[in-house]
Amino acid sequence: MNLYTSLIAQCAHKKSLTTLKAVHTHILKSGSLFSDFGHKLIDGYIKCGIIAEARKLFDELPNRHIVTWNSMISSHVSRGKTKEAIELYNNMLFEGVLPDAYTFSAIFKAFAEVGVLSHGQKAHALALVLGFEVSDGFVATAIVDMYAKFDRMRDARLVFDRVLDKDVVLCTALIVGYNQHGFDGEALEVFEEMVDRRIKPNEYTLASVLVSCGNLGDLINGKSIHGLVVKSGLESVVASQTSLLTMYSKCSKVEDSIKVFNQLAYASHVTWTSFIVGLVQNGREEVAVSVFREMIRCSIIPNHFTLSSILHACSSLAMLEVGEQIHAVTMKLGVDGNKYADAALIHLYGKCGTVEKARSVFDSLNELDLVSINSMIYAYAQNGFGHEALQLFERMKNLGLAPNAVTFISILLACNNAGLVEEGCQIFSFIRDNHNVELTRDHFTCMIDLLGRARRFEEAAMLIEEVKNPDAILWRTLLNACKIHGEVEMAEKFMRKMLDHAPEDGGTHILLTNIYASAGKWDSVIEMKSAIRDLRLKKSPAMSWVDIDREVHTFMAGDLSHPRAHEILKMLHELVEKVKNLGYNPDTKFVLQDLEEEKKISSLYYHSEKLAIAFALWKTCGRNTTIRIFKNLRVCGDCHSWIKFVSLLTGRDIVARDAKRFHHFKGGICSCKDYW
DNA sequence: TTAGGGTTAG
């Protein structure tokens, strides 16, 4: 008997299944009593990872011991077979075997995973009656963790407070619960409490509190916990490092995050991803792309977290070609089908002005959800496809999906960019009557733009009055509408009102200067310019860029410093002469300087978007690809008209993304139908 | 012979 016991123990220790099976057969042949060795064999099979065989023996075993029940239950839980674990637990109670601390520490995880709170609460009551809740740290931790997973932080806290001997794992479970539900302040409080009680935090604790510091932007605590990581000798623990660099990037200390990453001896795929995410969130998209390439070179496989982040980096910089390469990687890795990655792809194609590609990703989705539909509506909105956006909005409602604040911003933007005034007003009143969605400043900005551009200035101004603490952006939106319609007096009236709220807003001053300039009121322009000087405001220079063969070329208005300036100017003059024959007439009201007419015309020619297009046409001569240019400000009316003629003249499709939206020029027509 | 907590995304 002792020989079998020790043999089984050896097999379990070495995880040697073949020997275990041989011992098992030997026991059966020897005629020894199964009840004497059953428990040992079951333990052996569990340790060798063969749960099915353990279960078979368990079902045949008479007089099952509590330890064997516990082993069966916990082995099922740890392998994710939660339903079977709960079934075993219920059988155990049915047979009159009372659970102990080991049983409870395993079973609460199963209830949390299956998602039936009431069953978990019933087991909690039993643990309470049997006296395990306050006396056993393992049980208490499992209950705290379960309540946290059910989003019942108050219950978790009540249990935590009742426990007599709190240890590091129990405290960490509560901290994690708080941090995962957005209660970062509470997480830090528990951390301070444990430090006061002289409970030593470990790598699990530190990883979590660092995330909370990051979420709170609390660099002071973050840095002192960094010190603790070093002091505790946890610098080489990957999760602590991941949380550290996340903390720094969330506190906008991207350089520190880079420093942490560069000092790592090893980085897991999670660490690489966190690093990339931090870079993207801090506007370091280009660095993020090169880090992503480095990650691939190091044979670290990206997952849907990584891919959706890097796709967002491509969206921000409108890097279509790189984005397409990452789309291919996504497909190769089978990550397409993940809702976050798919939404990021739709977003990318929308941001790059390739709506048909966004739609093709959208059409390939097996299941539509709020995020994918929002992404598609936004793609339509930016590109001026108002009716398509509205159709999708209807489809969303028919599917029974409730629109959220993001949906409404996108749909209002869609109405705005397509000039669908009545539709926009209807949707805005719908949001007002629908108490599930709160109206934000963004919704108001969109409506003010829509109304202003439809010359409904008074209605727009009334909307601004409705907003608590209106910001300068709202007024600037209205002033921009005045500019489009040449309403100088109206603009002055709004400017006076606006100055009460945001007297030092540079954007508004510049806008009013431009309104005076386009109306030819040069005296007022001079006055405004001196006010702007007094405020020490700087106007951001107009800039356009174009990506050709993976190289980005940037152009500023009037700047002829490009190494190919000679070719660009030659092409530009040729284009201007040819489009004039087609009917292009330079419109000098877009020149915001007091110059002679002839000088005004030549200053129009050197607008940054014209330089970028001339360069792109020269560089891609003989190809028939779409030209994509990007501009930091809004495209000017004269350039808009010029590009239409150029698209007609050359037969090339031109897509321009300005600060607000896309313009697709084809055969002399723009997708915005001259409304922007 | 049996047990607990962590890091990344829209």
Side-chain angles (χ1 to χ4, degrees), chain A residues 5 8-9 12-13 37-47 65-75 77-78 99-109 132 136-146 148-149 167-177 179-180 201-212 214 234 237-247 249-250 267-278 280-281 302-312 315 335 338-347 369-372 374-375 378 404 406:
Chain A
T5 312
I8 295 171
H13 181 70
F37 299 103
H39 295 100
K40 292 280 169 197
L41 278 170
I42 289 168
D43 183 52
Y45 279 113
I46 288 174
K47 289 202 172 119
H65 192 273
I66 176 82
V67 173
T68 311
W69 276 106
N70 290 341
S71 302
M72 286 306 298
I73 291 172
S74 63
S75 60
V77 174
S78 63
D100 66 5
Y102 287 86
T103 330
F104 285 123
S105 72
I107 202 64
F108 289 114
K109 197 178 194 175
F132 291 114
D136 190 289
F138 283 85
V139 178
T141 304
I143 301 173
V144 166
D145 186 51
M146 175 188 75
K149 289 195 170 113
D167 69 2
V168 56
V169 187
L170 177 68
C171 296
T172 308
L174 188 68
I175 289 173
V176 170
N179 137 358
Q180 290 182 341
N202 60 19
E203 68 263 41
Y204 291 78
T205 330
L206 297 174
S208 282
V209 283
L210 280 169
V211 174
S212 286
L234 298 170
V237 177
V238 176
S240 318
Q241 295 305 313
T242 306
S243 298
L244 252 181
L245 59 89
T246 304
M247 183 275 291
S249 69
K250 285 195 176 168
S268 71
H269 72 282
V270 179
T271 316
W272 280 94
T273 306
S274 308
F275 186 46
I276 290 171
V277 167
V280 177
Q281 285 172 347
N303 62 8
H304 59 276
F305 285 88
T306 334
L307 291 163
S308 57
S309 284
I310 202 70
L311 284 167
H312 276 98
S315 307
V335 178
N338 171 273
K339 64 179 184 173
Y340 298 116
D342 288 332
L345 281 168
I346 295 169
H347 189 72
D369 69 348
L370 186 65
V371 180
S372 58
N374 282 353
S375 307
Y378 186 62
N404 65 2
V406 177

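Just so we're on the same page: letters track the sequence lines, and every chain starts at 1.
- With dG5(B), dT2(B), dG6(B) as the candidates, the nucleotide lying closest to the side chain of S240(A) is dG6(B).
- The distance from atom CG of N202(A) to atom P of dT7(B) is 13 Å, rounded to the nearest whole Å.
- Base engagement by G137(A) is indicated by at least one non-hydrogen atom pair under 4.0 Å involving a base atom.
- In the set dG5(B), dT7(B), dA9(B), the nucleotide with an atom closest to the side chain of S309(A) is dA9(B).
- Ring geometry for F132(A) against F104(A) counts as tilted: the plane angle lies between 30° and 60°, on a 0 to 90° scale.
- Rounded to an integer number of Å, the gap from CZ of F108(A) to P of dT2(B) is 21 Å.
- Of the candidate nucleotides dG10(B), dT8(B), dT2(B), dG10(B) has the atom nearest to the side chain of D369(A).
- Between H39(A) and H65(A), the ring planes are perpendicular. Angles over 60° get that label, and only those under 30° would be called parallel.
- Taking 4.0 angstrom as the limit, K339(A) places none of its side-chain polar atoms (N or O) nearer than this to OP1 or OP2 of dA9(B).
- Taking the side chain as every heavy atom from C-beta outward, L245(A) and Q241(A) never approach each other to under 4.5 Å.
- We find that NZ of K250(A) is positioned 11 Å from P of dT7(B), with the value rounded to whole Å.
- Counting only heavy atoms from C-beta on, S71(A) has its side chain closest to dT2(B) among dT2(B), dA3(B), dT8(B).
- Atom-to-atom, CZ of F132(A) to C1' of dG4(B) comes out at 15 Å; the value is rounded to the nearest Å.
- You won't find any donor-acceptor pair under 3.5 Å spanning the side chain of S105(A) and the base of dG4(B), going by distance alone.
- In this structure, the aromatic ring of Y340(A) is not positioned over the six-membered ring of the base of dA9(B) within 5.5 Å between centres and 30° between planes.
- If you check every strand for non-hydrogen atoms under 4.0 Å, V237(A) touches a base.
- Between Q180(A) and the phosphate of dG5(B), there is no side-chain N or O to OP1/OP2 separation shorter than 4.0 Å.
- We find that CD1 of I46(A) is positioned 8 Å from C1' of dT2(B), with the value rounded to whole Å.
- Side-chain to base pairing of T242(A) with dT7(B): one donor and one acceptor N or O lie within less than 3.5 Å of each other.
- Taking only side-chain atoms of D43(A), from C-beta outward, the nucleotide of dG10(B), dT2(B), dT7(B) with the closest atom is dT2(B).
- Residue V67(A) is in base contact, counting any heavy-atom pair closer than 4.0 Å across all strands shown.
- Candidate nucleotides dG5(B), dA9(B), dA3(B) were compared by shortest atom distance to the side chain of F305(A), and dA9(B) ranks first.
- Within 4.0 Å of H304(A), counting heavy atoms only, lies at least one base atom of the nucleic acid.
- S308(A) contributes no side-chain N or O that forms a donor-acceptor pair with the base of dA9(B) under 3.5 Å.
- Between the base of dG4(B) and the side chain of D167(A) there is a donor-acceptor pair shorter than 3.5 Å.
- For the residue pair N338(A) and N303(A), no side-chain donor N or O sits within less than 3.5 Å of a side-chain acceptor on the partner.
- Closest to the side chain of V277(A), from the set dT8(B), dT1(B), dG5(B), is dT8(B).
- Within the 4.5 Å cutoff, the side chain of L244(A) has no heavy atoms near those of the S240(A) side chain.
- Spacing between atom CE of M247(A) and atom P of dT8(B) amounts to 13 Å, rounded to whole angstrom units.
- Within 4.0 Å of Q241(A), counting heavy atoms only, lies no atom of the nucleic acid at all.
- Checking dT8(B), dG5(B), dT1(B) against the side-chain heavy atoms of T246(A) singles out dT8(B) as nearest.
- Where stacking is scored as ring centres under 5.5 Å apart with planes under 30°, Y204(A) registers as stacked on the base of dG5(B).
- With hydrogens and angles left out, the side-chain atoms of T271(A) and S274(A) include no donor and acceptor closer than 3.5 Å.
- The interatomic distance linking K109(A) (NZ) with dT2(B) (C1') rounds to 15 Å, in whole Å.
- Of the listed nucleotides (dA9(B), dT8(B), dT2(B)), dT2(B) has the atom at the smallest distance from the side chain of Y102(A).
- Residue V169(A) has its side chain nearest to dG5(B) when only dG5(B), dG10(B), dA9(B) are considered.
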